Amino acid sequence: MRELCSSSDVPEGTSKGFKISESNIFIVRRDGAVYCYENTCPHLGIPLEWKPDAFLDAEGELIQCSTHGALFIISSGECVSGPCVGNYLTPLDVLEQDGTVFLV
């Protein structure tokens, strides 16, 4: 396991990006759960965020690709709008324990 951050670093409805070795990943907290994905849009293989730690749409309801506006369901990573509808973000396993978020 690799420690990513303190649980308090990702309040409800927010996201946070990380560089782990050569990989870029991000986490999102939604309904108390933490979800983790590779920071790569399935459409063009480019990073999703439009500024550091900004992976969500204006309402904080969906993950949004800053380049083409593709929208992804936070809990599943499924694209529901944009050029890659039906594709998925690549999920990664995380564990939240004792106030810390770990990449498993």
Side-chain angles (χ1 to χ4, degrees):
M1 285 194 306
R2 180 178 181 134
E3 183 176 330
L4 292 178
C5 64
S6 169
S7 295
S8 63
D9 290 340
V10 188
E12 180 66 32
T14 66
S15 56
K16 186 167 182 61
F18 302 90
K19 183 160 181 83
I20 305 294
S21 298
E22 297 300 313
S23 299
N24 290 312
I25 66 171
F26 68 100
I27 59 176
V28 178
R29 184 178 301 280
R30 174 75 177 191
D31 297 328
V34 177
Y35 301 91
C36 185
Y37 296 99
E38 289 183 5
N39 182 7
T40 306
C41 181
H43 177 227
L44 291 177
I46 55 177
L48 295 162
E49 77 270 38
W50 51 277
K51 67 179 187 177
D53 300 329
F55 293 90
L56 303 177
D57 65 356
E59 295 78 28
E61 298 293 320
L62 298 165
I63 297 165
Q64 183 173 19
C65 176
S66 65
T67 303
H68 293 103
L71 296 170
F72 303 85
I73 296 171
I74 293 171
S75 61
S76 68
E78 180 184 5
C79 182
V80 293
S81 177
C84 51
V85 169
N87 289 328
Y88 287 81
L89 298 173
T90 302
L92 301 167
D93 291 329
V94 288
L95 171 68
E96 188 169 18
Q97 182 177 330
D98 299 326
T100 303
V101 179
F102 296 94
L103 181 64
V104 179

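In this chain, numbering begins with 1 at the start of the sequence shown. This one's a predicted model, so the numbers in the text were calculated from it and none came from an experiment.
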Q) Going by heavy atoms in the side chains, are I20 and L4 under 4.5 Å from each other? A) yes
**Heavy-atom donor-acceptor pair, T40 side chain to I46 backbone, under 3.5 Å** = no
Distance-only, no hydrogens or angles: does the S66 side chain make a donor-acceptor pair with backbone N or O of L48 under 3.5 Å? yes
Testing the basics here: between [X] and [Y], what is the closest heavy-atom pair and its distance to 0.1 Å?
X: C84; Y: C79; answer: O-CB, 3.2 Å
X: V34; Y: V94; answer: O-CG2, 3.5 Å
X: F102; Y: M1; answer: CB-SD, 4.1 Å

Residues 46-58 vs side chain to side chain donor-acceptor pair (under 3.5 Å), sequence neighbours excluded, gives N39-E49
Interatomic distance, CZ@F55 vs SG@C65, rounded to 0.5 Å, equals 11.0 Å
Rounded to the nearest 0.5 Å, the CG atom of L95 sits from the SG atom of C36 at a distance of 12.0 Å
In short, salt bridge (charged side-chain N to carboxylate O under 4.0 Å, His left out) pairs touching residues 66-78 with sequence neighbours left out are none
Residue pairs meeting salt bridge (charged side-chain N to carboxylate O under 4.0 Å, His left out), one or both in residues 1-11, sequence neighbours left out, come to none
* Go through D93 and L103 one step at a time and tell me if the side chain to side chain contact (heavy atoms under 4.5 Å, CB included) criterion holds. => CA-CA 6 Å; D93 291 329; L103 181 64; over 6 Å; no
Q: Examine Y35 and V101 and state if one hydrophobic cluster contains both, with Ile, Leu, Val, Met, Phe, Trp and Tyr joined whenever side-chain heavy atoms are less than 4.5 Å apart.
A: no
Could you see if L92 belongs to whatever hydrophobic cluster contains F18? Use Ile, Leu, Val, Met, Phe, Trp, Tyr and a side-chain cutoff under 4.5 Å. yes
Those residues at least two apart in sequence (or on a different chain) that pass side-chain hydrogen bond (donor to acceptor under 3.5 Å, both in side chains) with S6 are S8
Fill in: Derivation and outcome, side chain to side chain contact (heavy atoms under 4.5 Å, CB included), residues C41 and T67
CA-CA 9 Å; C41 181; T67 303; over 6 Å; no
Show every donor-acceptor pair shorter than 3.5 Å between a side-chain atom in residues 23-33 and any protein atom, with sequence neighbours excluded, or say none if there are none.
residue : atom : partner : partner atom : Å
R29     : NE   : V10     : O            : 2.6
R29     : NH1  : G32     : O            : 3.2
R29     : NH1  : E96     : OE1          : 3.1
R29     : NH1  : E96     : OE2          : 3.4
R29     : NH2  : S7      : O            : 3.4
R29     : NH2  : E96     : OE2          : 2.7
R30     : NH1  : G60     : O            : 3.3
R30     : NH1  : E61     : OE1          : 3.3
R30     : NH2  : E61     : OE1          : 2.7

Which ILVMFWY residues can you reach from [X] by hopping between side chains whose heavy atoms are under 4.5 Å apart?
X: I73; result: L62, L71, V80
X: V85; result: none
X: Y88; result: none

Ring pair (Phe, Tyr, Trp, His ring centres under 6.0 Å) pairs touching residues 60-83, sequence neighbours excluded, are H43-H68
